[in-house]
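Encoded as structure tokens, the structure appears first; notes follow it.
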Amino acid sequence: KGKRAFIAGVADDNGYGWAIAKSLAAAGAEILVGTWVPALNIFESSLRRGKFDESRVLPDGSLMEIAKVYPLDAVFDNPDDVPEDIKTNKRYAGSSNWTVQEAAESVRKDFGSIDILVHSLANGPEVSKPLLETSRKGYLAALSASSYSYVSLLKHFVPIMNPGGSSISLTYIASERIIPGYGGGMSSAKAALESDTRVLAFEAGRKHKIRVNTISAGPLRSRAAKAIGFIDMMIDYSLENAPLQKELSAEEVGNTAAFLASPLASAITGAVIYVDNGLNAMGVGV
Ligand code: NAD
């Protein structure tokens, strides 16, 4: 029987989430996505109007189907967490059941269970500020949106994940090496995400037979990356210095996710898998 995947963090066809959805769909999985509430309308209308049709084409020529798009804001676990200004915000008021707990409950009601959970989201309001200039509020917001959001997703989805299931997130090497420009506590958030990958692999593995891995991806010109402001420089740096001197495609990350979610990776858990043309292995640029 085919597998079912829930991919959190898809709001256009440029990011890693979209590419992962495509690779999983190409491998036969049914695709559900979670889309950030403020981006939901434009994403759904673009989908409907056929704006993504070219990027929906799978290797066999068919178009990727998204069985359902769920509104999601991964910084809120349940309705009690949502402050008044968000509740009454017009971008939020038009949607419902978008906290993590409610989204998991909606998926359970609609589909019963899933096999694959993907976290492909991050947000750091002060990402363009150096860590030394980051406020407590900005730092904690980065951790909330980019790290705890994963703990919360797994916590709420694990009860509806079939044993043997697999969970994947996306990280960046700024967690372990100095990458000037990746500020606002985002480097700290990725370090937390990688450490949590190991602890969650233990807990979800022992209790639910679920594998938990993270992909440390090289630079991609996604919407989120363009907002950081240094993505072209990072792509050029990788082209010049990585062992493999080619631009990284989102599909290469998608294919790794499909591998990690498959039985081919049945003994891999708690791992940080680099998909970066080997740049992580270099000690000095040449
Ligand atoms: P992207 O813009 O496609 O994805 C980020 C998504 O997060 C967006 O869809 C956005 O709407 C969503 N989002 C933000 N806050 C949210 C919230 N509170 N609740 C729900 N969704 C929220 O960009 P991307 O670069 O593909 O990012 C996906 C993942 O890949 C992120 O974890 C990012 O850190 C990681 N990554 C990206 C790069 C890169 O160079 N682009 C490199 C390594 C890792």
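In this text, all values refer to a predicted model and were calculated from it rather than measured experimentally. Counting starts at 1 for both ligands and their atoms, in listed order.
- Pairs engaging residues 228-265 under the ring pair (Phe, Tyr, Trp, His ring centres under 6.0 Å) rule: none recorded [sequence neighbours left out].
- Closest to atom 27 (O) of ligand 1, if we only count protein heavy atoms, is Ser120 O, 4.2 Å.
- The shortest N or O to N or O distance between Ser222 and ligand 1 is below 3.5 Å.
- Counted by atom type alone, Ser106 and Asn97 present zero donor-acceptor pairs between their side chains at under 3.5 Å.
- By the 4.0 Å heavy-atom criterion, Ala145 is excluded from the residues contacting ligand 1.
- Atom CG of Leu140 has more than 12 heavy atoms from other residues, nucleotides or ligands within 6.0 Å.
- Where the criterion is an N or O separation shorter than 3.5 Å, residue side chain and backbone included, Leu220 meets it with respect to ligand 1.
- Atoms of ligand 1 lying under 4.0 Å from any heavy atom of Ala217, numbered from 1 in the order shown and given with element: 42 (C), 43 (C).
- Scanning all protein heavy atoms for the shortest distance to atom 30 (O) of ligand 1 gives Leu170 CB, 3.3 Å.
- For Lys137, the NZ atom is loosely surrounded, since the number of other residues' heavy atoms within 6.0 Å does not exceed 12.
- Ala104 approaches Ile160 most closely through the heavy-atom pair O-CD1, 3.9 Å.
- Checking Ser23 against Glu251 by side-chain atom types alone, no donor-acceptor pair falls below 3.5 Å.
- Atoms OG and CD1, on Ser187 and Ile178 in that order, are 10.0 Å from each other to the nearest 0.5 Å.
- Set against the non-hydrogen atoms of Ala224, the atoms of ligand 1 under 4.0 Å away are 1 (P), 2 (O), 23 (O).
- For atom 18 (N) of ligand 1, the closest non-hydrogen atom of the protein is Asp73 OD1, 2.9 Å.
- Around atom 19 (N) of ligand 1, the closest heavy atom drawn from Ala227, Ser238, Ala11, Ala74 belongs to Ala74.
- The 12-atom threshold is exceeded at NZ of Lys87, counting heavy atoms of other residues, nucleotides or ligands nearer than 6.0 Å.
- Scanning the protein heavy atoms around atom 3 (O) of ligand 1, the nearest turns out to be Gly15 CA, 3.2 Å.
- Annotation: Tyr16 places an N or O atom under 3.5 Å from an N or O atom of ligand 1; distance criterion only.
- With respect to atom 20 (C) of ligand 1, the closest heavy atom belonging to the protein is Trp36 CD1, 3.5 Å.
- Salt bridge Arg56/Glu65: present, at least one basic N to carboxylate O contact under 4.0 Å.
- Considering only non-hydrogen atoms, atom 14 (C) of ligand 1 lies nearest to Ala122 out of Ala122, Gly9, Ala103, Ala250.
- Close approach to Pro219 involves these atoms of ligand 1, each under 4.0 Å from a residue heavy atom: 40 (O).
- Shown in contact with Ile231 at under 4.0 Å from a heavy atom are these atoms of ligand 1, numbered in order with element: 40 (O).
- Between the side chains of Ser113 and Asn162, at least one donor-acceptor pair of N or O atoms lies under 3.5 Å.
- For Lys190, a nitrogen or oxygen atom sits less than 3.5 Å from a nitrogen or oxygen atom of ligand 1, counting backbone and side chain alike.
- Residues Trp36 and Asp73 bring a donor and an acceptor atom of their side chains to less than 3.5 Å of each other.
- Nearest protein heavy-atom neighbour of atom 42 (C) of ligand 1: Gly218 O, 3.4 Å.
- Of all atoms in ligand 1, numbered sequentially from 1 with element shown, those under 4.0 Å from a heavy atom of Arg223 are 2 (O).
- Note on ring orientation: taking the six-membered ring where Trp is involved, the planes of Tyr70 and Phe111 are perpendicular (angle over 60°, cut-offs 30° and 60°).
- Side chain to side chain, Glu194 and Thr214 fail the donor-acceptor criterion of an N or O pair below 3.5 Å.
- Per-residue contacts place Ala225 under 4.0 angstrom from the following atoms of ligand 1 (heavy atoms of the residue considered): 41 (N).
- The protein atom (non-hydrogen) at minimum distance from atom 7 (O) of ligand 1 is Leu121 CB, 3.2 Å.
- At least one heavy atom of Leu72 sits closer than 4.0 Å to an atom of ligand 1.
- Any N or O atom pair closer than 3.5 Å counts here, and Thr171 shares no such pair with ligand 1.
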